[in-house]
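Atoms within a ligand are numbered from 1 in the order they appear, just like the ligands themselves. Bear in mind that the values here come from a model prediction, so they are computed numbers and not experimental data.
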Amino acid sequence: MRCPTSISNRRRVLCVFPAYTPSFGTFSHSYRLLPRVRAFMPPQGLLLIAAYLPPSWLVRFIDENITPATAGDFAWADFVFVSGMHIQAPQIHDIARRAKRAGKLTVLGGASVSGSPELYPEFDYLHIGEIGDGTDRLIAFLDQSVAPPQAQMRFETNERLPLCDFPPPAYDLIRLDHYLIGSLQFSSGCPYRCEFCDIPALYGRQPRLKRHEQVTAELDEMLKQPGHPSVVYFVDDNFIGNRKAARELLPHLIDWQRRHDYPLQFACEATLNLAKQPEILSLMRRAQFLTVFVGIETPETDALKAMRKEHNSALPMMEAIKTLNSYGLEVTSGIILGLDTDTADTESRIKEFIDLSEIPILTINLLQALPRTPLWDRLKRDGRLIVNDQGLESNVRFLRSYDEVVATWRRCVAYAYDPERLFARFTHQIDATYAHRMNVPVRGKLTIRNLREAVVLGFNVLLWIGLLSNYRRSFWRAARRALKRGQIDAALGMGLVAYHLIRFSRDALRGDQNASFYSTRSRALTPPVGPQLEDATTLGQ
Ligand code: SF4
């Protein structure tokens with residue numbers, strides 16, 4: 001649905017989504033291998049707001065991961081709407097500065113301002129919380145006034161708009177072919193309470209859901225664009241937060257895929273106890289879910305207990321990963337360093353985990369305390385929050401020495417992304433995972449455009465990785481095995497992903513990239529790059 005507020009004036013709204021700082025999860029180095037791709041994933045939240053605005057208002061949408069908003073864009077607008085996560089804070093401030101310079105009124109929503117409104121005194125209006133009654137009051141106010149407020153005004157949502165009333169994101173305002181993967185939200189909220197995570201506080205512990213008709217209608221919308229991405233990522237923080245709902249949705253996805261000759265593949269985020277759900281796993285396989293991001297965080301059971309993530313040890317970890325692989329799901333994993341439970345042995349345990357799990361893609365980060373988390377409260381109580389950060393990689397005063405934690409991070413990244421090891425893990429996936437995927441008709445993907453793109457990707461992988469890289473031998477060992485198994489997609493995919501991971505890790509080890517998503521060390525403001533594999537759905541992200 002659209003905003004129900006009755007409107008008397010026409011307004012021009014410029015939605016600007018801030019660029020992300022590069023990370024392991026952005027795959028930004030890989031864009032050059034694909035013809036049109038310039039960013040990672042469409043920003044669901046801000047596109048949702050754009051779709052919710054009154055139909056008589058004119059909306060222009062700029063994702064600065066693709067192109068910066070111009071002086072002409074700012075001049076056109078009555079209001080500049082911005083949203084983002086904490087990792088985008090410097091870019092959010094930068095957009096506010098440019099909008100103010102152009103004399104425009106600014107509105108900020110999203111996860112970062114909802115968690116820490118005090119960080120953004122320069123905005124005229126703050127939208128706190130998810131889309132809901134606060135959004136309606138904000139729209140009603142902006143309809144009545146284009147005069148700058150005397151002081152900053154806050155509009156807070158007390159009653160959220162049910163997800164079953166969400167309009168589809170405003171895909172008509174963007175070009176999907178500029179994105180590496182598509183995004184879709186089915187649910188919001190998570191029943192767990194991991195100490196470091198702000199999702200339960202921001203979005204609640206009772207997952208709220210869309211209807212299956214909404215989900216398939218959004219897929220239909222994506223398909224309408226000629227160059228839609230072939231992979232769609234369910235941005236829900238935990239796809240099985242409500243297992244019954246996931247079980248009920250999946251047959252509709254299978255049916256949709258069948259009716260359209262399987263034009264898409266899916267990915268999602270879930271907790272590791274997904275491995276205990278054979279029925280859901282079997283349905284996911286049939287719906288063409290190929291990848292699942294699992295916040296494994298640490299292989300150490302005591303550490304999982306301390307961070308209240310015991311659900312990751314519901315099954316022996318390696319057994320759980322093997323089970324997911326056996327349903328054709330490649331696991332990608334988050335790992336956190338700098339935990340209170342870390343010891344001198346943690347590094348060797350993480351390296352052992354990398355070897356035994358055979359997970360190719362791992363995002364290895366330093367612990368960061370986010371506002372509105374139990375971790376934040378505890379560290380604040382204990383005087384361990386670093387407020388004036390002096391350019392450190394984390395805002396946590398670690399129990400181990402800062403230098404040792406960062407050095408451990410470096411050694412773990414170097415270990416994980418040594419090309420020989422990385423391609424060995426991919427090689428393992430060929431038999432352990434890719435071979436278990438369902439063979440589906442290719443008709444849904446056989447378009448001239450897709451064929452052209454596959455040829456360009458094939459050429460680029462061959463040139464940049466197969467011929468010119470200094471890790472070409474490792475690549476060919478893995479690629480030959482995939483090709484022998486008839487897995488052409490896998491051979492190209494390995495090249496595409498490894499190209500980013502190896503380049504990014506080399507940048508990071510040289511000190512050109514940060515050890516944490518949230519690091520305050522010098523951040524580039526201008527270059528358009530892709531976002532992290534994270535999403536959220538307060539106003540904007
Ligand atoms: S880390 Fe994942 S499982 Fe834990 S509370 Fe956050 S979303 Fe839920």
Exercise. Can you check side chain to side chain contact (heavy atoms under 4.5 Å, CB included) on Thr408 and Arg400, steps first, answer last?
Worked result: CA-CA 11 Å; Thr408 305; Arg400 304 186 75 213; 4.1 Å; yes
Exercise. How would you list, by chain and number, every residue that makes a ring pair (Phe, Tyr, Trp, His ring centres under 6.0 Å) with Phe353, sequence neighbours excluded?
Worked result: none
Exercise. Which heavy-atom pair separates Pro371 from Asp198 by the least distance, and what is that distance?
Worked result: O-CB, 3.8 Å
For this session: Take the angle between the ring planes of Phe186 and Phe239 and call it parallel below 30°, perpendicular above 60°, tilted in between.
Result: tilted
Exercise. What protein atoms of element N, O or S are positioned under 2.8 Å from atom 4 (Fe) of ligand 1?
Worked result: Cys194 SG
Seminar exercise, completed: The residue among Arg378, Lys309, Arg308 that forms side chain to side chain donor-acceptor pair (under 3.5 Å) with Glu195 is Arg378
Exercise. So, Thr271 versus Asn273: side-chain donor-acceptor pair below 3.5 Å or not?
Worked result: yes
